[in-house]
Amino acid sequence: MRGSIRNRLTLAFIGLAIGPLLLVGIILGVQSYIAQGQQALNLQSEVAQRVSSEVTAFFTELEQQLRLTSQVQGLQNLDQDEQQSILSELLSYQDVFDELVLLDSQGKEQTRVSRADITVESSGDRSEAEEFVIPLASGQTYYSPVRFDQATGEPLMTIAVPLIDVRSGVTDGVLISEIRIKKIWDLIANLQVSPGQSVYIVDAQDRVIAHRNPSVVLRGTTFQLPGQNGIQPGLGGTIGEAAANTLPDRILVWLVKTAIGGDAVLAVNSIRFGAQEFNIVAEQTLPEALALAITTVRITIGLVVAMLVIAASLGIVSVRQITVPIRSMASTAQAISDGDLSQQVQITSQDELGVLATAFNSMTAQLRGLIGNLEQQVAERTRDLEDAIVEAVKARAAAEEANATKSRFLANMSHELRTPLNAILNFTEFVSEGIYGPVNEKQVHALRQALASGSHLLSLINDVLDITKIEAGMMELFIEEVDFNAVLASTVSVGKGLVKDKPVRLIAEVEDDLPKSFGDNRRLRQVFLNVVSNAAKFTKQGSITLTASRQDGGIEVVIKDTGIGIAPEDYDKVFETFRQAKHDLTGAFGTGLGMPISKHFVEMHGGRIWFESQPNQGTTFYIRLPKLTQEQMQTVSQDVSAPAA
Amino acid sequence: MVHSKLKSIRFFSLMLLLLAMLTLTACGSAEQNKTYTIGIVNYDPPLNIVLDGLKEGMTELGYLEGENITYVYQGPIANDPAVIDAEIQRLLEQNVDLLFTMGNPTTLAAKAAVEGTDTPVVFCPTINPVGAGIVESISQPGGNVTGVQRGFTVDKSLEWLLKLAPDAKKVYVPYNPDDIISTIAVASLPEATAQLGIELIPSETYTPEEMVATVENLSKDTVVFLVPVPTLDPGIQDMFEAAAEHDIIVGSFYLSSHVETGALVFYGSEFPAMGKQAARLVDQIFRGTKPADLPVETDESFLYINLKRAETLGLDIPDDILRQADNVIR
């Protein structure tokens with residue numbers, strides 16, 4: 001992501017700035033190259049033609065001088081001294097001639113003058129030589145191929161003109177001249193040439209026979225003429241004269257050489273003397289010939305680079321103006337998303353980005369306001385809640401304190417009440433049994449009533465004491481081995497006593513050898529007795545059936561009565577403390593503590609107690625107790641008796 | 001931000017560098033900024049005029065003395081191999097770019113001295129450099145040496161003398177066998193004199209005095225023909241006077257100035273022109289061409305006639321011969 005917008009925009013900017021320029025530059029360069037190439041070629045053609053004309057004129061003049069010399073004076077008819085004198089004068093007058101030889105009609109040398117060699121009496125026979133045979137036969141001027149002098153390395157050529165008798169018209173001799181082509185060098189050297197231009201003459205054997213630079217000829221340079229004019233490999237390249245100097249020049253030469261294969265614009269013009277053909281070559285090295293095109297390319301490159309710099313600077317500046325706010329916004333947004341709402345985008349312009357930044361800032365401000373409100377509300381609520389919790393804790397502490405006080409009070413009270421009540425019951429029984437003297441029937445009956453009420457009161461107190469201990473978590477069991485057969489037998493025995501005055505039968509169906517377990521014998525007996533006494537209490541007539549059987553290794557005791565039953569709306573209240581459904585039939589009220597206490601004791605023994613009941617049909621209580629070891633019993637009882645938090 | 005700033009700085013530097021390169025390539029045309037030093041070795045005082053031609057030629061080619069070219073030249077030195085070698089060593093130690101030698105002995109010594117080095121040698125003049133073992137061939141010199149040779153016109157020069165002195169029967173050509181150039185110069189003369197039908201009288205001459213004494217005792221039908229003999233240079237003027245006194249005709253292949261100081265005719269090299277011709281070779285070497293690829297060039301010969309001298313001698317020179325002269329002293 002880093003800088004991607006910036007890079008793309010900058011590149012686009014530069015591309016837009018340079019692309020058209022480059023295109024125009026390339027088009028201009030190519031056009032200029034083509035036009036200049038053509039122009040240079042025309043120029044070279046002109047030069048080649050001009051030099052051809054000059055060279056032709058040069059040879060024509062020589063030929064005319066030779067013919068003039070021979071004809072005007074009737075050279076062949078003069079004596080030898082005169083011939084020598086005339087030829088010597090011609091030799092010194094025209095320094096192109098290296099040697100002049102006059103042959104008679106038989107091909108014998110008559111007279112010979114030379115620039116370098118001494119003149120000797122000669123009678124050389126050249127009757128077989130071409131320079132004699134051809135002019136003699138044809139009457140035409142003979143031109144020999146170019147040869148190179150051994151001592152000086154300079155090119156020489158023979159021109160021979162026939163000597164024609166004026167009267168007979170017969171060819172009666174030949175004037176042979178050795179031409180020093182070296183003199184044409186000067187002609188070429190004196191040409192006004194453009195920079196990089198070169199003119200030279202190549203003979204039919206591809207030998208360079210004339211060049212501005214004598215060394216080129218003297219070293220026997222050859223040059224293979226190209227098939228056509230145009231951009232071709234020039235001579236300059238092969239003799240090391242055409243080295244391009246500057247880098248653009250070298251690049252251009254390399255390009256053109258690679259593409260076309262030439263390093264010079266070159267034009268050839270052929271001229272013919274007798275049987276000899278000479279090619280006048282005019283060439284110009286590419287960098288010079290295409291100077292304008294190179295300048296165009298150079299200017300284009302300069303402009304491209306300048307535009308590159310300008311476009312890059314402008315691009316970077318404008319792109320920065322765009323990307324800096326965007327990046328700032330991006331980093332602000334990142335900071336905000338990380339939770340720092342204090343960040344603000346710096347607004348640097350009034351354009352679209354400025355509007356965007358302003359909107360962004362106002363959005364952030366709103367968000368900050370909203371979040372600030374929310375936090376305040378949460379803080380208030382939290383404070384309220386904390387206050388409430390404090391209150392509640394205080395209230396709970398007060399309540400617990402009150403409850404503990406109540407329990408303490410009840411426990412104390414029960415104890416304090418039981419002691420005198422036991423004394424009352426004992427003494428009342430002693431009196432009723434006549435231990436302190438005879439009592440009548442009426443007195444006995446009253447005493448029995450007092451005794452019954454006292455006992456009831458005692459049991460109420462015991463219940464209150466128990467429930468108080470349970471609620472205070474102070475109920476402790478006396479754990480020993482439990483023989484359920486014995487406990488149930490005792491229960492049934494007491495139960496029978498409870499129903500002996502009513503038309504109710506207590507039926508006990510207890511399995512023999514119920515499994516022995518550990519627990520508190522007295523408390524278990526209290527549970528069973530409580531359920532049986534409740535059944536007895538709420539059953540006017542019919543039966544109470546106590547069934548005990550093995551169940552899952554433990555026992556199940558079912559006590560079923562045919563009493564008034566429990567209304568469904570009272571089901572929930574059966575095991576609640578101080579609740580007892582009021583019953584019209586009995587009009588009796590208990591403490592309402594028996595069932596909660598029983599439930600508690602059953603649970604302390606790891607068991608369960610529940611009931612099924614239908615009003616006026618009866619109630620069935622189920623008590624299930626597992627068989628426990630002593631350790632298991634201790635663990636279970638402690639877990640259950642722990643006071644609720 | 002810092003990162004992008006650095007990046008743009010780098011970018012701008014690159015652009016500046018490109019611009020600078022472009023400017024450099026645009027301006028880097030072929031300016032002759034280099035300066036050159038030419039060390040000159042000469043043992044023959046009359047050849048000093050070669051230097052005039054050389055400097056003129058170099059100036060025309062754009063080498064201006066004191067600006068981009070320096071000529072190290074202490075004047076003619078003794079014709080003694082040890083002295084020549086010492087002078088060449090002195091010049092080489094100065095790291096001259098090129099040795100310019102005049103005459104065969106200095107050229108041979110220079111050729112030996114630069115063997116195995118890159119220092120080029122340009123000679124001007126020499127006589128028959130191939131025969132003298134200076135170059136392998138005219139068109140392909142090989143080695144580090146090239147230059148301008150004198151045309152092979154000794155024989156022709158003698159012929160011109162005899163044309164002007166048709167009555168001469170004998171020719172005295174003073175040369176010193178100890179002076180190698182003179183030996184080379186006269187090598188072809190026995191054959192030429194035979195062809196020209198003239199007697200070549202014994203000419204071994206070791207001192208200027210000897211030369212003057214010989215000329216004083218020459219018969220009237222004898223002519224004197226001068227070839228380059230540097231050891232005899234000091235006696236030339238005395239010899240001319242003696243010749244004048246005894247009406248002895250003198251021709252020269254040595255120096256064109258002899259025509260002005262006592263000779264009747266001269267046919268041979270114009271040394272300033274030769275020097276100018278050599279300048280072009282020097283230029284090409286400075287531009288990178290190897291001497292081995294620069295063929296030896298040959299100079300032109302020129303005919304000088306002193307008409308006054310002819311009149312003094314009572315010679316009638318035909319018009320057609322006078323017309324052939326490049327230079328007539330009247």
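Within the 4.5 angstrom heavy-atom criterion, no atom of B:V154 approaches chain A. With a threshold of 4.5 angstrom between heavy atoms, B:L158 does not approach chain A through any atom at all.
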Would you sort out whether A:E178 and A:R115 count as a salt bridge (Lys or Arg N to Asp or Glu O under 4.0 Å), showing the intermediate values? CA-CA 10 Å; A:E178 292 292 332; A:R115 188 167 297 277; over 6 Å; no
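Annotation: side chain of A:T152 is not in contact with side chain of A:K182 (no heavy-atom distance under 4.5 Å).
Judged by the 6.0 Å and 45° rule, B:K34 forms a cation-pi pair with B:Y36. With a 6.0 Å cutoff to the six-membered ring centre and a 45° limit on the axis angle, B:R150 counts as a cation-pi contact of B:F253.
Of all residues in residues 320-330 of chain B, those placing a non-hydrogen atom less than 4.5 angstrom from a non-hydrogen atom of chain A are B:D320, B:R323, B:Q324. Identified by a heavy-atom distance below 4.5 Å to chain B, the contributing residues of residues 90-97 of chain A are A:S92, in residue-number order.
Ranked by heavy-atom pairs under 4.5 Å with chain B, the list A:G220, A:S88, A:G153 is led by A:S88. If you tally non-hydrogen atom pairs under 4.5 Å between each of B:V296, B:T146, B:I138 and chain A, the highest count goes to B:I138. No other option in B:L303, B:D293, B:L294 has as many heavy-atom pairs under 4.5 Å with chain A as B:D293.
B:S252 and B:S157 get closest at one heavy-atom pair: O-OG, 3.3 Å.
At distances below 3.5 Å, at least one donor-acceptor pair connects side-chain atoms of B:K156 with backbone N or O atoms of A:D117. Under the 3.5 Å distance criterion, the side-chain polar atoms of B:N306 are matched with a main-chain donor or acceptor of B:V259. A donor-acceptor distance shorter than 3.5 angstrom exists from the side chain of A:R207 to the backbone of A:V146, with no hydrogens or angles considered.
Side chains of B:Q284 and A:N213: a donor on one and an acceptor on the other come within 3.5 Å. A donor-acceptor pair shorter than 3.5 Å can be found between the side chains of B:Q149 and B:T298.
Residues forming a ring-ring contact (aromatic ring centres under 6.0 Å, His included) with B:F100 (at least two apart in sequence, or on another chain): none. Applying the ring-ring contact (aromatic ring centres under 6.0 Å, His included) test to A:F223 and every residue at least two apart in sequence or in another chain returns A:Y200.
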